[in-house]
Amino acid sequence: MKLYRFGQAVCRFVLRLLFKVEIRGKEHIPSEGGVLLCSNHISDFDPPLLGAFIHRQVRYMAKKELFDKKGIGKLLKGLGAFPVKRGGSDRESLRTALRILKEGDMVGLFPEGTRSKTGEIGNGLAGAGFFAGKSDAYVIPCVIIGPYQFRKRVILAYGEPIDMEAYRQQRVSAQEITDTIMTEIQRLKDKHQ
């Protein structure tokens, strides 16, 4: 946890040095309990930005290949990241993310699965809906509005938790839940642009 806190401080310093960072809606993040942060994805700066300005630790899935590199792999583990095999179903990473949420911790996801080259919000993959539907975690939509350009404004807005109860009771498909999450991310973008 000390490494994570140090990393947060470094990220805050660097991000504020490079960009005019505006954080909105931090009050929507519960102080305890499992939380699934779902954000659009426009840059490699997104993961540090998403977690640098909030008190709780955010854990991310990162592609398995990164963990195979000695220095980077150790650093990622120390920061709480866990590996995922891309391009297919990775049951171990699914179990890990669900366990983290059930233990009352926070997982950060980018439902689109890849960065948007245009900055527009794309379709989300079913994974976010799977985690939202299979856990009791709060689901917090987030939007990052850039572009990341030196000394230009970058907005990170956290939205109110999405009420998942009806989705969970009706056993709605993971993709439908993801579609709802993506709609909320788009609403946040429209509100904060």
Side-chain angles (χ1 to χ4, degrees), residues 7-31 33-63 81 97 101 106-133 137-167 172-193:
Q8 275 186 310
V10 169
C11 287
R12 280 192 300 270
F13 175 78
V14 170
L15 289 164
R16 284 186 172 138
L17 186 67
L18 295 175
F19 315 110
K20 293 181 180 177
V21 177
E22 287 184 29
I23 307 298
R24 301 173 183 172
K26 280 194 327 186
E27 68 276 9
H28 298 307
I29 298 173
S31 59
V35 175
L36 184 64
L37 289 179
C38 295
S39 178
N40 64 319
H41 196 10
I42 60 173
S43 168
D44 288 336
F45 284 112
D46 295 344
L49 178 68
L50 198 60
F53 294 91
I54 57 177
H55 182 69
R56 296 183 64 183
Q57 181 179 11
V58 181
R59 308 224 9 223
Y60 298 99
M61 290 183 181
K63 60 184 177 181
L101 293 171
M106 189 177 287
V107 172
L109 280 183
F110 301 100
E112 295 160 293
T114 189
R115 290 182 304 276
S116 167
K117 292 179 173 56
T118 64
E120 296 302 312
I121 294 173
N123 295 322
L125 303 173
F130 172 81
F131 296 126
Y138 294 98
V139 178
I140 306 290
C142 314
V143 69
I144 299 167
I145 302 169
Y148 289 95
Q149 293 178 348
F150 185 65
R151 300 310 301 153
K152 298 289 184 187
R153 184 172 72 162
V154 174
I155 298 170
L156 167 58
Y158 299 97
E160 293 182 31
I162 301 170
D163 185 359
M164 287 282 120
E165 200 54 41
Y167 293 96
V172 174
S173 77
Q175 187 59 57
E176 288 177 85
I177 296 173
T178 296
D179 293 344
T180 298
I181 293 168
M182 298 310 296
T183 298
E184 291 302 315
I185 293 172
Q186 183 64 57
R187 276 195 194 131
L188 267 180
K189 184 177 181 185
D190 294 341
K191 177 180 177 181
H192 290 281
Q193 267 187 321

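Heavy-atom basis, side chains included; hydrogens, waters and symmetry copies ignored.
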Could you measure the distance from the [atom1] atom of [X] to the [atom2] atom of [Y]? Nearest 0.5 Å is fine.
X: L109; Y: S39; atom1: CG; atom2: OG; result: 10.0 Å
X: E184; Y: D163; atom1: CD; atom2: CG; result: 10.5 Å
X: R151; Y: K20; atom1: CZ; atom2: NZ; result: 6.0 Å
X: I42; Y: K117; atom1: CD1; atom2: NZ; result: 13.5 Å
X: I185; Y: H41; atom1: CD1; atom2: NE2; result: 12.0 Å
X: L18; Y: F150; atom1: CG; atom2: CZ; result: 6.5 Å

Discussion item. Would you say that more than 12 heavy atoms from the other residues, nucleotides or ligands in this model lie under 6.0 Å from the CD of E22, or not?
Written reply: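 It does: E22 CD has more than 12 such atoms within range.
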Practice prompt. Tell me, with the steps shown, if K26 and H55 meet side-chain contact (heavy atoms from CB on, under 4.5 Å).
Written response: CA-CA 10 Å; K26 280 194 327 186; H55 182 69; over 6 Å; no
Minimum heavy-atom separation for [X] to [Y], with atom names?
X: G159; Y: I140; answer: O-CG2, 3.4 Å
X: Q149; Y: F19; answer: O-CD2, 3.4 Å
X: G108; Y: Y60; answer: O-CD2, 3.4 Å
X: A132; Y: I177; answer: CB-CG2, 3.8 Å
X: A174; Y: F130; answer: CB-N, 3.5 Å
X: T180; Y: Y167; answer: OG1-OH, 3.0 Å

Worksheet item: Stepwise, does the side-chain contact (heavy atoms from CB on, under 4.5 Å) test hold for D44 with R115?
Response: CA-CA 8 Å; D44 288 336; R115 290 182 304 276; 2.8 Å; yes
Does any N or O in the side chain of [X] come within less than 3.5 Å of the main-chain N or O of [Y], such that one atom is a donor and the other an acceptor?
X: E112; Y: I121; result: no
X: Y158; Y: L50; result: yes
X: Q175; Y: G124; result: yes
X: R59; Y: L101; result: no

Is there side-chain contact between [X] and [Y], with heavy atoms separated by less than 4.5 Å?
X: P47; Y: F110; answer: yes
X: M182; Y: P111; answer: yes
X: V154; Y: I144; answer: yes

Worksheet entry | CA sep, side-chain torsions, deciding dist, call: I145, K189, side-chain contact (heavy atoms from CB on, under 4.5 Å) | CA-CA 7 Å; I145 302 169; K189 184 177 181 185; 4.3 Å; yes
Item to complete: Verify side-chain contact (heavy atoms from CB on, under 4.5 Å) between V21 and F53, making sure each step is shown before the conclusion.
Response: CA-CA 10 Å; V21 177; F53 294 91; 3.9 Å; yes
Discussion item. Out of the candidates D46, L15, L49, only one should pair with L156 under the side-chain contact (heavy atoms from CB on, under 4.5 Å) rule; please name it.
Written reply: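 For L156, the side-chain contact (heavy atoms from CB on, under 4.5 Å) test succeeds with only one of D46, L15, L49, which is L49.
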